[in-house]
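All remarks here apply to the structure that follows.
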Amino acid sequence: MPLRTLLSEEQIRTRIAELGSQIARDYEDGDLVLIGILKGACYFLADLSRAIRREVFIDFMGISSYGRGKTSSGEVKVTKDLDVSVEGAHVLVVEDIIDSGITLNYLVSLLEQRKPKSLRVAALLDKPERRVRPVDVAYVGFRIPDEFVVGYGLDYAERYRNLRDVCILDPD
Ligand code: PRP
């Protein structure tokens with residue numbers, strides 16, 4: 001299927017460096033735990049964590065959503081939970097993309113119950129047009145139009161995750 005570059009490797013690298021500096025400035029002290037949401041966020045987490053020039057801890061969560069898209073039932077299930085406690089720590093949830101907002105809306109409520117010192121979200125990509133549930137996103141890499149995108153962690157049927165650019169996948 002034809003691919004068109006939406007965001008180049010270079011654009012992504014530059015923006016992540018900016019986000020990393022901003023995050024390092026915003027969190028002067030305290031433990032900072034970055035939580036990557038599997039699987040799409042793995043590349044963003046790897047690059048963002050190295051762009052934040054302060055000590056960080058990393059962990060992962062697995063989430064599966066049902067009814068996203070057409071029906072948006074909002075049902076979300078945790079398939080892999082954290083290994084570490086986040087009580088009293090600054091938590092930054094790291095996502096590759098926010099679409100309907102269902103995943104993050106659920107996840108933020110879940111993590112709030114664990115009494116972190118603060119809780120924010122960083123997303124490389126945001127498709128605000130698609131929002132069904134509200135999500136407060138502190139750090140956004142790029143706001144993008146409602147196109148099907150792959151690469152830099154994002155997949156189509158598990159393919160294309162390792163592309164270095166974020167590309168638009170044209171169905172024809
Ligand atoms: C994607 C993305 C988010 C979620 C966003 O994950 O990584 O977790 O969808 O969509 P939403 O805002 O509509 O909830 P996906 O379920 O495709 O899993 P993956 O990261 O393993 O590809």
Side-chain angles (χ1 to χ4, degrees), residues 1 3 5-7 9 11-13 15-16 19-20 23 33-51 56 58-84 86 91-114 116 119-171:
M1 267 188 263
L3 296 167
T5 298
L6 177 66
L7 300 166
E9 183 180 5
Q11 284 174 287
I12 296 167
R13 189 185 309 123
R15 184 67 186 123
I16 290 177
L19 290 175
I23 291 166
V33 184
L34 307 181
I35 301 179
I37 310 305
L38 298 168
K39 304 175 195 164
C42 65
Y43 297 89
F44 184 39
L45 180 78
D47 288 340
L48 183 66
S49 60
R50 288 177 293 181
V56 299
I58 64 168
D59 205 347
F60 293 92
M61 282 184 87
I63 301 284
S64 70
S65 318
Y66 305 99
R68 209 169 50 225
K70 285 177 203 139
T71 52
S72 22
S73 70
E75 226 185 295
V76 176
K77 196 174 115 196
V78 174
T79 56
K80 188 230 170 279
D81 208 336
L82 296 175
D83 296 329
V84 299
V86 294
V91 169
L92 185 59
V93 177
V94 178
E95 260 291 22
D96 51 345
I97 189 165
I98 308 179
D99 194 331
S100 70
I102 289 172
T103 307
L104 274 172
N105 181 284
Y106 171 84
L107 200 58
V108 165
S109 333
L110 180 83
L111 290 171
E112 266 165 1
Q113 295 166 22
R114 301 185 182 181
L119 177 58
R120 287 184 182 160
V121 173
L124 181 69
L125 307 175
D126 184 12
K127 280 186 186 175
E129 286 168 56
R130 300 262 302 169
R131 203 72 91 251
V132 173
R133 297 278 167 86
V135 181
D136 188 9
V137 196
Y139 306 99
V140 177
F142 302 92
R143 293 207 165 78
I144 61 166
D146 185 13
E147 303 265 16
F148 197 92
V149 285
V150 296
Y152 200 75
L154 294 146
D155 73 309
Y156 171 66
E158 296 299 327
R159 289 161 200 251
Y160 304 115
R161 289 196 199 270
N162 64 330
L163 295 178
R164 289 167 173 266
D165 299 340
V166 169
C167 298
I168 295 173
L169 185 65
D170 285 324

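Please read these numbers as outputs of a predicted model, since none were measured by experiment. As the structure lists them, so they are numbered: ligands from 1, and atoms in each ligand from 1.
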(request) Any atoms of ligand 1 less than 4.0 Å from a non-hydrogen atom of S100? List them with their elements. (result) 11 (P), 12 (O), 13 (O), 14 (O)

(request) Could you tell me which atoms of ligand 1, counted from 1 in the order shown, lie closer than 4.0 angstrom to a heavy atom of L38? (result) 20 (O), 21 (O)

Please set out all donor-acceptor pairs under 3.5 angstrom arising from side-chain atoms of residues 163-171, sequence neighbours excluded.
| from | atom 1 | to | atom 2 | distance (Å) |
| --- | --- | --- | --- | --- |
| R164 | NH1 | E9 | OE2 | 2.7 |
| D165 | OD1 | E9 | N | 2.7 |
| D165 | OD2 | T5 | OG1 | 3.3 |
| D170 | OD1 | R4 | NH2 | 3.3 |
| D170 | OD2 | R4 | NE | 3.1 |

(request) Under 4.0 Å, heavy atoms only, figure out whether ligand 1 is touched by the backbone of R161, its side chain, both or neither. (result) side chain

(request) Tell me, yes or no, whether the heavy-atom count around Y156 atom OH, taken from other residues, nucleotides or ligands under 6.0 Å, exceeds 12. (result) no

(request) Any atoms of ligand 1 less than 4.0 Å from a non-hydrogen atom of I102? List them with their elements. (result) 12 (O), 14 (O)

(message) Can you tell me which portion of D96 lies within the under-4.0 Å heavy-atom range of ligand 1? Options are side chain, backbone, both, or neither.
(response) side chain

(message) With a 4.0 Å cut-off on N to O distance, would you call R114 and D81 a salt bridge?
(response) yes

(request) Report yes if G101 has an N/O atom closer than 3.5 Å to an N/O atom of ligand 1; otherwise report no. (result) yes

(request) Before signing off on this row, confirm whether I63 and ligand 1 have an N or O atom pair separated by under 3.5 Å. (result) no

(message) I need the atoms of ligand 1 closer than 4.0 Å to a non-hydrogen atom of I97, numbered in the order shown.
(response) 2 (C), 3 (C), 5 (C)

(request) Please work out which of R130, R131, E95, M61 has its closest non-hydrogen atom nearest to atom 8 (O) of ligand 1. (result) E95

(request) Within a distance under 4.0 Å of any heavy atom of K39, pick out the atoms of ligand 1 and give their elements. (result) 19 (P), 20 (O), 21 (O)

(message) So which atom in E158 and which in D155 form the shortest heavy-atom distance, rounded to 0.1 Å?
(response) N-OD2, 2.8 Å

(request) Please collect all salt bridge (Lys or Arg N to Asp or Glu O under 4.0 Å) contacts where either partner lies in residues 135-145, sequence neighbours excluded, each pair once. (result) D126-R143

(request) Measure the acute angle between the ring planes of Y43 and Y152, then classify it against the limits of 30° and 60° as parallel, tilted or perpendicular. (result) tilted

(request) Please lay out, stage by stage, how T103 and E95 fare under the test side chain to side chain contact (heavy atoms under 4.5 Å, CB included). (result) CA-CA 10 Å; T103 307; E95 260 291 22; 4.0 Å; yes

